[in-house]
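In what follows, a single structure is set out as structure tokens and then discussed.
Because only heavy atoms are used, hydrogens play no part in the values below, and waters and symmetry mates are left out as well, while side chains stay in.
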Amino acid sequence: MKEVVRYLPWAGIFVFTFLLAIAVHRKFCEENVWERIVKRYRSRVDEKILSEAAFVTKYGSVENHSLLYRLDRLMLTSGIKNRIPWVNGEVFLLAVFAAAVFGLFAGTALFSNVFAGIFTAAAQAAVLYGAALAMSGKVYNQIEDGTAIFVSILSNHAKGSSDIVTIMQNTIPSLSGPLKRITEKFVSDSENTGNIDVAFDYMKESVDNRQLQTIIVNLKNCMHYQANYEEVLAQMMGQVVSGLSAREDRKNILFSMKMTLTVISIMAVVIVLIIGAGLDIDVAGSLTGNKIGQVLLLVTGLLYLMVGIKMFKTDK
């Protein structure tokens with residue numbers, strides 16, 4: 001009987017973890033990008049489109065800021081899902097959680113300090129999340145570099161066809177990188193589902209580049225209103241060129257921000273060490289030798305991790 005009682009807490013923890021995993025899985029299924037788009041067109045399409053249009057007219061466009069939805073989109077925009085199809089936001093969240101748990105135990109065991117363990121846990125999670133953001137930023141830049149060529153090739157093929165799926169299909173051989181994968185996915189979804197609206201929406205959600213998203217929305221509108229693709233694409237080319245001209249200024253501003261943060265950080269450390277040497281104070285020992293100093297180091301480290309993540313997010 002004592003043996004049974006001893007294992008009851010562990011059984012409770014197992015059941016709780018299992019139920020939590022089921023709840024998270026269900027929530028991910030609801031927030032899945034593809035499922036959300038398909039549900040939009042599954043039934044009473046005309047009524048939904050009219051109600052959505054009325055809502056946007058009255059309140060404006062509302063973005064989904066759900067963590068689960070953003071993680072699922074991150075797997076798309078980073079290109080990770082193209083390389084490993086079974087990876088989604090749910091799997092990525094589990095990987096981040098596992099990395100944090102491993103970092104907690106490894107840091108605590110290595111430094112014999114729970115604050116160090118908390119920092120290594122946060123650092124492990126931040127590195128994994130930051131890597132996904134860096135990949136998303138790389139894809140963003142590749143798309144930005146190739147958007148002008150993409151629009152130009154689409155415009156050329158629009159002269160010989162008025163079917164957007166055919167135009168996209170003829171464009172694929174001339175493309176490379178993320179734009180080619182995204183266009184191939186659009187053609188595949190259009191042919192497999194027979195619903196070009198769903199294919200357009202998924203294509204739009206698969207990119208983080210506002211300019212390309214606008215182009216996709218305009219192409220979708222052209223399809224519905226039977227507009228001339230060639231004329232619309234010619235107008236969009238002017239917008240793309242204007243965006244490219246402002247790109248260097250944006251990159252220079254971001255680089256300046258990073259350099260300023262780096263210089264301020266280095267100077268702050270140097271000033272603290274100089275003051276400590278002048279007052280004959282062991283700064284490192286004072287910070288690491290007591291709980292208050294350790295908490296200050298932990299908070300500072302966590303703040304720098306947050307700033308680093310923010311830098312990855314704005315590096316586009």
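- Residue Q235 holds its CD atom at 11.0 Å from OG of S155, rounded to the nearest 0.5 Å.
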Practice problem: Could you walk me through whether L71 and Y129 pass side chain to side chain contact (heavy atoms under 4.5 Å, CB included), step by step? | Solution: CA-CA 10 Å; L71 288 178; Y129 184 53; 4.3 Å; yes

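- Of the inter-residue distances, the one linking T147 atom OG1 with M236 atom CE reads 11.0 Å to the nearest 0.5 angstrom.
- In this structure, I149 places its CD1 atom where only 12 or fewer heavy-atom neighbours from other residues, nucleotides or ligands lie under 6.0 Å away.
- Taking the ring-ring contact (aromatic ring centres under 6.0 Å, His included) definition, one finds that F200 meets it with F186, sequence neighbours left out.
- Rounded to the nearest 0.5 Å, atoms CE (M135) and CD1 (I80) are 4.5 Å apart.
- In the hydrophobic clustering of this structure, I118 does not group with L110; members are Ile, Leu, Val, Met, Phe, Trp, Tyr whose side-chain heavy atoms approach within less than 4.5 Å, directly or through other members.
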After noting the C-alpha distance and the side-chain angles of T193 and D189, does the key distance pass the side-chain hydrogen bond (donor to acceptor under 3.5 Å, both in side chains) rule? CA-CA 6 Å; T193 66; D189 289 341; over 6 Å; no

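- Tracing side-chain contacts under 4.5 Å through hydrophobic residues (I, L, V, M, F, W, Y), one reaches L302 starting from V299; they form part of the same cluster.
- Taking both residues in full, the closest heavy atoms of M75 and G89 are given as CG-N, 3.8 Å, listed atom of the first, atom of the second, then distance.
- Proximity of V139 to T77: side-chain heavy atoms (C-beta onward) are nowhere separated by under 4.5 Å.
- Here the side chains of L179 and L212 are in contact, with some heavy-atom distance below 4.5 Å.
- Residue I143 holds its CD1 atom at 12.5 Å from NZ of K138, rounded to the nearest 0.5 Å.
- Put simply, NZ on K185 and CG on L76 are 9.0 Å apart, with the number rounded to the nearest 0.5 Å.
- Under the side-chain contact (heavy atoms from CB on, under 4.5 Å) criterion, Q213 pairs with R73, K204, V207, R210, sequence neighbours left out.
- We find the CD1-OH distance between I216 and Y202 to be 12.5 Å, quoted to the nearest 0.5 Å.
- Under the 4.5 Å side-chain contact rule for hydrophobic residues, Y304 and V295 do not share a cluster.
- When the side chains of ILVMFWY residues are joined at heavy-atom separations under 4.5 Å, either directly or via intervening members, L94 and W86 end up in two distinct hydrophobic clusters.
- Side chain of T120 to main chain of G117: a donor-acceptor pair is present (N/O by atom type, distance under 3.5 Å, no hydrogens or angles).
- Within the 3.5 Å criterion, the main-chain N or O of A148 finds no donor-acceptor partner in the side chain of S152.
- F102 meets the side-chain contact (heavy atoms from CB on, under 4.5 Å) test with A106, Q124; sequence neighbours excluded.
- Evaluation of the side-chain contact (heavy atoms from CB on, under 4.5 Å) rule for K180 yields I172, L175, E184 as partners, not counting sequence neighbours.
- Counting only heavy atoms from C-beta outward, the side chains of K159 and Y229 never approach each other to under 4.5 Å.
- Between F97 and L128, the closest side-chain pair of non-hydrogen atoms is not below 4.5 Å.
- With sequence neighbours excluded, the residues satisfying side-chain contact (heavy atoms from CB on, under 4.5 Å) with A125 are V96, A100.
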Listing, residues 163-170 side-chain donor-acceptor contacts under 3.5 Å, not counting sequence neighbours, or none:
unit_1, atom_1, unit_2, atom_2, d
D163, OD2, T166, N, 3.1
D163, OD2, T166, OG1, 2.6
N170, ND2, T166, O, 3.2

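- Residues S174 and I153 come closest through the heavy atom pair CB-CD1, 3.5 Å.
- Contact annotation: the side chain of M203 never approaches that of K220 to less than 4.5 Å [non-hydrogen atoms, C-beta and beyond].
- Under a hydrophobic clustering in which Ile, Leu, Val, Met, Phe, Trp and Tyr are joined whenever their side-chain heavy atoms come within less than 4.5 Å, directly or via other members, V217 and L219 fall into different clusters.
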